[in-house]
Every structure is written in C-alpha cells, then in structure tokens.
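Notes follow once the structure below has been shown.
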Amino acid sequence: MRIYNTLTNRKEEFIPLTSGKVMMYACGVTVYDYCHIGHARSAIVFDVIRRYLKYKSFDVKYVRNFTDIDDKIINKAQQEGITWDAVAKKYTDEYYRDMDRLGVGRADVEPRATEHISEMIAIVKGLIDKGYAYEVEGSVYFAVDKFSEYGKLSKRDMEEMIAGARVEVDERKRNPMDFALWKKSKEGEPSWESPWGLGRPGWHIECTAMSIKHLSESFDIHGGGADLIFPHHENEIAQSEAFTGKPFARYWIHNGFITIDKEKMSKSLDNFFTIKEILDKFDPEVIRLFLLSTHYRSPIEFSDEQLRETESSLDRFYSTIIRMNNFLEKDEDKGSSLDAENTFKERISSFMEKFEEAMDDDFNTALALGHTFEFIRDVNKFLDSRPSEQKAKELLQKTKELFSEAIDVLNIFGRTPQEWYLSLMVTKKIGFSEKDIIEKIRERQDARQNKDWARADMIRKELEEKGIILEDKKDGTDWKIKSG
RNA sequence: GGCGGCGUACCCAAGUGGCUAAGGGAGAGGUCUGCAAAACCUUUAUGCAGCGGUUCAAAUCCGCUCGCCGCCUCCA
C-alpha cells in the first residue's frame, strides 16, 4: 500500500510502526458554526481511509478531536448571548447530526481540547524547561528558531516567511514566527489555572497533547485539510518533536479543497454551502459518492449540476440491484449462455483485485469507483444474456457479497433500492406517497389489460410530471424516482 | 515576492514511460418494448493547454510559453 506523504512530497510504501497496527489522528473541527461541505470532505476522506485500513486487516486506532475552546467560539458566544461551552455543545451536536447522515463513523477516541488542559500545561512546562518556549506576561510562546527543522512539512524557509509575513507582528514575541502555546486570558474570558496565571491553550498544543495521550509520542498517520499544513501541522511537529525528542507522525495526509467557481470555499469569501443546505436538496449518499469520485488530494469544483450527475450515476447502481433482486426472486427465462457465464465469472474474480489495487495506490477512490461501475455493466450484460437459472443465482449471490465488501470500505451503495427511492422522494419533494403510486400503477394496469394505451400513457405521463418513472416488466410495473 | 499544485472528449474524472487513453453524466443511432423506461450495443479525444527536447517508445520525463488555482493570516 502506498500513501502520498506531505512530509516527503511523494508516495511511500506504508509501513506502520507496529506491524498490523495503525495509529491515526485527524484534525476535526472547531465547533463554533455549522459544518460546510469542505468539512464533510475531510471527514469522509479520513473515514474511508480508516475503513480501508480495517479492510486490510489492520488494527486501527483512530483519534479525531474537537476544538472546543478558541477565539471564534468566544466571539460566537457573545453574538448568540450564550456561554462558550453552550456554543461548543450546540455545534458538536450539529456536527454529529450532519456526519451521521453522511455515513461518517465515529472515531475510536474523540477528545476535546478542554478535557486535556492539564496535559497541555505539562507539555508547555516541559518546553520551557527544555528551552524551546518562553513566557511573556502570562502567555507562553514557542521559539521557532530553537527548532532547526521548522518548516520541514510546509517546505518553508524561515527567513522567507518573515520577509513575506503578512501577520501583524506581536512585540512580545522574540521572533515574528513564534506562536502561542498558552494565552493569557482577558477579563471575562474562559480561563484555566496555570503556572503562568489564568489563561487558555493556544490552538496547536491540543493536538500534540491529545495525540500523545491517546496514541503515542510517535504514531503512523496524521491528517487534515491541506490548509492545516501551515501553520497548524508545522507547529504541531515543532512543539511535539521538541518536547519528546522523537519523530511525531510518520505519514502526513492532506485532502484538497472544495471550490466554487474555481475559488476555495471559505467563510471570508462567503461562498460556502453548509452540509445542511445541501442535504435539503440531495441524498447524503449522493454527496458521499460525489466527494469520493475525485481523488482526495485534488480540488473539487462544487455545483448542483455535478451533484445531479452523481445522483444519476448512483441511480444506475440501484437500478442494477433491482434487476439482480428481480432475477434472484423470480423465475426468469432460461437460456443457454455458457460464454456469458464464463466471462462474468472472470469479471467477478477480478473485481475486488482491481478495487484493492486502486485503493492501495494512495486511496484512489475515483479509480475504485470506476472499476465498480465497470463491474455494474458486466452484471447488466450478464443479466441481459438470460442465463440459466441455478448457476446464475450463485454468481449473482457472489456479486452481492463483493458489493458488500466494497460497501464496507466506501460506505456507499449499502442501502436497498427501496430505501434509495424513498429517500429520493423526500429530497426531491415528490408530492406522491408510495401508496398513491401503487394505486396509479394498478389503475394503469387495468387500462393496459384492456389495451387502452391512451389511458395507460396518460397515467404514466401524469406520474412522470411528478418525477416518478414507471417501468413495465413482464410480471408487473416497477416505479422509481427520476434522478438527475 | 517565496513555495506548491493544476490544465485529459460537450461536462465531471482516472491514468504519471510501452496493450485499442478507465469510469460516470449528457447527446446521436440501434436492439428490446403496445409505446416508453431500464439495460445492452455502436458512436462523441489518431489525441491529453501550446511549442520544443530526451527516448526505440511520453498525456506521463525535461525546458520554455500561456491560462487557472492554493498556501505564506483563522480556515477542512
């Protein structure tokens, strides 16, 4: 298995510290507002990485944090007139609501910054003792020039950074690039006791404290959005390695951004969409498939049109599942098709091989999905060949097993077609209930029996205008929701 | 200014030295169907931003040019 490592800027063979075990940490969110689709991407990417590592039989320990104390949270509390911890609670709940719907699993440990104040203080103290940090008026800063490898992750040179720095220079810092480990709190702000007086932790120190506590001083994978490379992850490395004297994370994985009109989605540009807004219009599985249809490091241009296309392709999957189920449940015509059977057998045996090969190459979900859809066509082709019953049912059963393996990894394609269409009924705000549709189908069936084609077509058209598609089969009429 | 990335068909997108350049969406034609839909088949890049170069061989490596974007400030 190969993983692209931001630290070395190339794909590397993945070898965990302890054979068979993987310790991974991903930066979660600061809980001060609703999550947007960019947060969804990051969460889904690492969810899939975690699932795939498990699929590969690694014993995975996955840690993802919540930043629950920070300037933005304090500001939000003032705006909303509630306490800072009420803000954190509210948006943590919202985070779970969104992520649950998107099929993002819980991490094994989900630590919060405020639950690790004492660990952070201990590290800050240690850094002062070792000469890497200094106190000024109740705040503590990390001295970047004491850490000779500073800049190794973001490939930055200290002098250049200072020259190009747009950051306001804080006179109390010895070096403009120094960053806060501990911040003295102002009157009325949340604060904790520390050797330097009342204050609160700087942003970066929490990840150092929590990854060391819940994983180890050295661990395998650390990830997050590409915008965390600098300064967040660079600072984490500096303070962690200075503190422990050991290498921090070995593989750094960063996901690309979501763009709108080619520009990075961001709060300041006000060009972001919350997960909630999108879920109002699209099925969560569509969003997940859409985000995994592009390699995790590439940017993704977000648009409704793209989501509609994804919806159509997901519908292709479920339409095929319906065909398979129909075949498995009913007695279809038999035919002789040894060639088709043998060809399909070959496809079955090579599918997971290709799928794994794609995922092994830096988690190439886009390619893995390509193979999946190729396989879907093979399934349809096989069904078109009117295969002989008993053998075919065995093969289709095997196919379903393969799909469920892919499902375990991507957490897509896992529902029944019925669930899929019922969900589409809701997101597309179809005015008809399933019962209404079945009633209409029955009406139309009568008309068809009487060869009253005009009436049958009229009913079909009426439903189509509502977004409901009818498909006449030999032994009945199926309905589905129009996708795209 | 420094560092980095990207440019593949009508749209999205995989492919980073060697089989006919995956896959999805959309369009066109066909098979099937009472008619449809779905499915399948055929079709839409002799070419991968442009120009040079390296090589027996390049979308893939190198150079230049053009265009777009990101990071350097909180940010997934």
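Below, chains carry the letters A, B, ... as their sequence lines are ordered, and counting in each starts from 1.
- Residue order along RNA chain B, read from the 5' end via each residue's closest nucleotide, puts A:Glu471 first among A:Cys27 and A:Glu471.
- Among A:Ile205, A:Thr208, A:Leu228, the single residue meeting the side-chain contact (heavy atoms from CB on, under 4.5 Å) criterion with A:Glu236 is A:Thr208.
- Between the P atom of B:G2 and the CZ atom of A:Phe230 lies a distance of 17 Å, rounded to the nearest Å.
- Within 4.0 Å (heavy atoms only), A:Gly370 reaches at least one base atom of the nucleic acid.
- A:Gly256 comes within 4.0 angstrom of a base, heavy atoms only.
- Among the protein residues, A:Arg10 comes within range of no part of the nucleic acid, since none of its heavy atoms lies under 4.0 Å from any strand.
- In this structure, A:His254 and A:Trp252 have parallel ring planes: the angle between them is below the 30° cut-off, well short of the 60° mark.
- Between atom CH2 of residue A:Trp84 and atom OG1 of residue A:Thr114 there is a gap of 5.0 Å, rounded to the nearest 0.5 Å.
- Residue A:Arg308 places no side-chain atom within donor-acceptor reach of the base of B:G24, judged by atom type and a 3.5 Å distance cut-off alone.
- Residue contacts for A:Lys451: at a heavy-atom cut-off of 4.0 Å it reaches no nucleic acid atom on any strand shown.
- B:A45: no Watson-Crick or G-U partner with both key distances under 3.5 Å is found in any strand.
- Distance A:His233 NE2 to B:A76 P: 11 Å, rounded to the nearest Å.
- Shown here, B:C74 forms no base pair; nothing in the strands shown gives a Watson-Crick or G-U wobble contact with both key distances under 3.5 Å.
- Considering only the side chain of A:Glu374, B:G23 comes nearest among B:G23, B:A76, B:A14.
- A:Ile229 comes within 4.0 angstrom of nothing in the nucleic acid, heavy atoms only.
- Across B:A76, B:C74, B:A14, the shortest atom-to-atom separation from the side chain of A:Leu367 is found for B:A14.
- Both cation-pi conditions hold for A:Lys264 and A:Phe257: the charged atom is under 6.0 angstrom from the six-membered ring centre and inside a 45 degree cone around its axis.
- Using a 4.0 Å heavy-atom cutoff across all strands shown, A:Arg41 reaches no nucleic acid atom at all.
- Of all nucleotides present, none satisfies the Watson-Crick or G-U wobble test against B:U55 with each distance under 3.5 Å.
- The distance from atom CZ of A:Arg444 to atom CG of A:Leu470, rounded to the nearest 0.5 Å, is 5.5 Å.
- Residue A:Asn255 places none of its side-chain N or O atoms closer than 4.0 Å to OP1 or OP2 of B:A76.
- Among B:A14, B:A36, B:A38, the nucleotide with an atom closest to any side-chain atom of A:Arg460 is B:A36.
- Note that A:Arg64 lies outside the cation-pi zone of A:Phe46, set by a 6.0 Å cut-off to the ring centre and a 45° limit from the axis.
- Rounded to an integer number of Å, the gap from CZ of A:Arg288 to P of B:G24 is 21 Å.
- The same atom, C1', is picked in B:C62 and in B:A9; the two are 28 Å apart, to the nearest Å.
- Stacking of A:Arg415 on the aromatic ring of A:Tyr421 is not recorded, the 6.0 Å distance cut-off and the 45° axial limit not both being met.
- Across B:C40, B:C71, B:C68, the shortest atom-to-atom separation from the side chain of A:Phe257 is found for B:C71.
- Comparing the same atom, P, in B:A57 and in B:G18 gives a spacing of 14 Å after rounding to whole Å.
- A straight line from CG of A:Asn450 to P of B:C35 spans 19 Å, rounded to a whole angstrom.
- The gap from the P atom of B:U42 to that of B:G4 amounts to 45 Å, rounded to the nearest Å.
- Distance noted for atom P between B:A49 and B:C11: 14 Å (whole Å).
- Put simply, A:Arg316 has a side-chain N or O that comes within less than 4.0 Å of OP1 or OP2 on B:G24.
- Nucleic acid contact class of A:Ile469 (heavy atoms, under 4.0 Å, all strands): sugar-phosphate only.
- Among the nucleotides B:C40, B:C3, B:A36, the one closest to the side chain of A:Lys155 is B:C3.
- B:G30 and B:C12 have their C1' atoms separated by 27 Å, given to the nearest Å.
- For A:Asp472 against B:C35, a side-chain-to-base donor-acceptor contact under 3.5 Å is present.
- Partner assigned to B:U60 is none, using Watson-Crick or G-U wobble distances below 3.5 angstrom.
- The nearest heavy atom of RNA chain B to A:Arg297 and to A:His232 marks one nucleotide each, and the one closer to the 5' end goes with A:Arg297.
- A donor-acceptor contact under 3.5 angstrom links the side-chain atoms of A:Asp457 to the base of B:G34.
- Between A:Phe317 and the choices A:Phe373, A:Phe403, A:Phe375, the ring-ring contact (aromatic ring centres under 6.0 Å, His included) rule is met once, by A:Phe403.
- The side chain of A:Lys264 lies closest to B:C71 when the candidates are B:G24, B:A39, B:C71.
- When rounded to the nearest whole Å, the span between NZ of A:Lys173 and C1' of B:U73 equals 11 Å.
- The side chain of A:Ala456 lies closest to B:G34 when the candidates are B:G34, B:A37, B:A22.
- Applying the Watson-Crick and G-U wobble criteria (two distances, each under 3.5 Å), B:A9 pairs with nothing in any strand.
- Taking atom CD1 on A:Ile321 and atom C1' on B:A38, their separation rounds to 14 Å, with Å as the unit.
- The CZ-P distance, from A:Arg386 to B:U31, rounds to 17 Å in whole Å.
- Remark: A:Lys267 is positioned above the aromatic ring of A:Phe272, its terminal NZ or CZ atom under 6.0 angstrom from the ring centre and at most 45 degrees off the axis.
- Atom P of B:A14 sits at a distance of 9 Å from the matching atom of B:G7, rounded to the whole Å.
- Between the base of B:C40 and the side chain of A:Arg377 there is no donor-acceptor pair shorter than 3.5 Å.
- Pairing of B:G4, defined by two Watson-Crick or G-U wobble distances under 3.5 Å, is identified with B:C69.
- The side chain of A:Arg448 contributes no N or O atom lying less than 4.0 Å from OP1 or OP2 of B:C35.
- Atom P of B:C51 sits at a distance of 12 Å from the matching atom of B:U60, rounded to the whole Å.
- Comparing B:G70, B:G2, B:C74 by their nearest atom to the side chain of A:Arg156 picks out B:G2.
- Base pairing annotation: B:A36 forms no Watson-Crick or G-U wobble pair, as no partner gives both donor-acceptor distances under 3.5 Å.
- Between A:Asn364 and the phosphate of B:G15, there is a side-chain N or O to OP1/OP2 separation shorter than 4.0 Å.
- The listed nucleotides are B:G34, B:G25, B:A22; the one nearest the side chain of A:Ser313 is B:G25.
- For the pair A:Arg323 CZ and B:A37 C1', the interatomic distance rounds to 12 Å; values are reported in whole Å.
- In the set B:C40, B:A76, B:G25, B:A76 carries the atom at the smallest distance from any side-chain atom of A:Asp227.
- Distance check on atom C1': B:A39 versus B:A76 gives 40 Å, rounded to whole Å.
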Could you check A:Glu189 against A:Lys183 for salt bridge (Lys or Arg N to Asp or Glu O under 4.0 Å), going step by step and ending with a plain yes or no?
CA-CA 11 Å; A:Glu189 282 182 350; A:Lys183 296 162 101 163; over 6 Å; no
